[in-house]
Amino acid sequence: MTTFVDLAAWLAAEPADAALKDVVQSVAATCAQISGVVASGALSGSLGAAGSTNVQDEEQKKLDVITNDLLSDALKACGPVAGLASEELEEVEPTGRVGGYLVTFDPLDGSSNIDVNVSVGTIFSVLPAPTDHVPAEADFLQPGRNQVAAGYAVYGPQTMLVLTLSGGVNAFTLSADGQWLLTHPDLSIKPDTAEFAINMSNQRHWADPVRRYIDGCLQGKEGPRAKNFNMRWIASMVADVHRIMMRGGIFMYPWDAREPGKPGKLRLMYEANPMGLVVERAGGRATDGAERILDIQPTKLHQRVPVVLGSANEVEVVRSEMQRG
Ligand code: P6P
């Protein structure tokens, strides 16, 4: 019978600040709670629209609101948290405390999939808080390389928590009795892949480099890539990224001409940055097509960025196409 290390024991051995471990424990415990709420679905009356829209002008699902409240309440009660920011909240929320950490999160990513029972997830990012004042929005606008921890929970056939603190990337599976057990230590992303993830319905709106890259993949063995590619698109970033963490691949949500003023759909502070840290720590790459995601200096809390991430050598192929213009 295999025995597994639980999250508390793994954190105890992790060379990180005790206060940071408290923050991670708080997020992990809340994700375990969210797993139960998501799994109950219609039985708990938590499916369907909330009848409101968020700061992104997106229709909120009931579970967007429920999960946002669970995470906000937990983090406000967690001593080392000085402030939080959420995809579902227009403004940052200081806790009144000074020092410690800032947490940004997407409480339920992929929520358009909830009502059709497809995997969704929670994404979180932890940044250092200012040491001499109660944090304001400007204090959150740090480049992703400043993150001291990041990760996600994916609510799928298994509920898993994937996180990185000071070292590599480790994945925990939620047991029937609510324990996070270390089942996938030291995740590493294969540098090469033959699997791409992109929403093909936007093809006519892409810039030329993206169109050239995907055309090359679609030409298969007879084309410039000299190999056949497979395609996946779950429309839940957490699920698409998790697949890449487990078997390699490339995920793309590039700029497109549908809304030319928008750089992309995904948000920097609580989607691209945390996923970028996890992917890089597992040996992958995360760019906006050209520049490293973690080097982008944020200017707005809810700013969007184009995202290309996954197997290092494949992300480089896209970057070369972008350089050609
Ligand atoms: P589309 C979910 O709404 C999300 O923010 C990501 O999780 C996902 O990758 C993307 O949007 C899906 O977008 O345009 O394919 O529905």
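In listed order, ligands and their atoms are each counted from 1.
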Numbered atoms and elements of ligand 1 in range of [X], under 4.0 angstrom, heavy atoms:
X      : answer
Leu266 : 5 (O), 6 (C)
Glu271 : 5 (O)
Arg267 : 5 (O)
Asp109 : 5 (O), 6 (C), 7 (O)
Gly110 : 2 (C), 7 (O)

Options Met252, Lys265, Glu87, ranked by nearest heavy atom to atom 13 (O) of ligand 1, top entry: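 Among Met252, Lys265, Glu87, the closest heavy atom to atom 13 (O) of ligand 1 comes from Lys265.
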
Which of Leu268, Val308, Val279 passes side chain to side chain contact (heavy atoms under 4.5 Å, CB included) with Ile293? It is Leu268

Among Val103, Leu84, Thr104, whose side chain to side chain contact (heavy atoms under 4.5 Å, CB included) with Phe140 holds?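 Of the listed residues Val103, Leu84, Thr104, the side chain to side chain contact (heavy atoms under 4.5 Å, CB included) partner of Phe140 is Thr104.
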
Whether Arg204 side chain and Ser201 backbone form a donor-acceptor pair below 3.5 Å: yes

Indicate yes or no for a side-chain donor-acceptor contact from Ser46 to the backbone of Gly41 under 3.5 Å, with no hydrogens or angles considered. yes

Are side-chain N/O atoms of Thr193 and Ser311 paired as donor and acceptor at under 3.5 Å? no

Would you say the side chains of Asn230 and Glu195 form a donor-acceptor pair under 3.5 Å?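 Per modelled atom types, Asn230 and Glu195 side chains form a pair under 3.5 Å.
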
Atom 9 (O) of ligand 1: which protein heavy atom is closest, and how many Å away?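 Here the closest protein heavy atom is Met237 N, 3.3 Å.
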
Looking only at distances, please establish whether an N/O atom of ligand 1 is found under 3.5 Å from an N/O atom of [X].
X      : answer
Tyr253 : yes
Asn202 : no
Asn199 : yes

Whether Asp240 lies under 4.0 Å from ligand 1, heavy atom: no

Contact between ligand 1 and Ser236 is defined here as a heavy atom of the residue under 4.0 Å from a ligand atom; is it met?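 Ser236 counts as a contact of ligand 1 under the 4.0 Å cut-off.
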
In the single-linkage hydrophobic clustering (I, L, V, M, F, W, Y; side-chain heavy atoms under 4.5 Å), do Ile296 and Val278 co-cluster?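 Linked within one cluster.
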
Identify the two heavy atoms, one from Pro107 and one from Asp64, that lie closest to each other, and give their separation to 0.1 Å.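 Heavy atoms only, the tightest pair is CG-O, 4.1 Å.
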
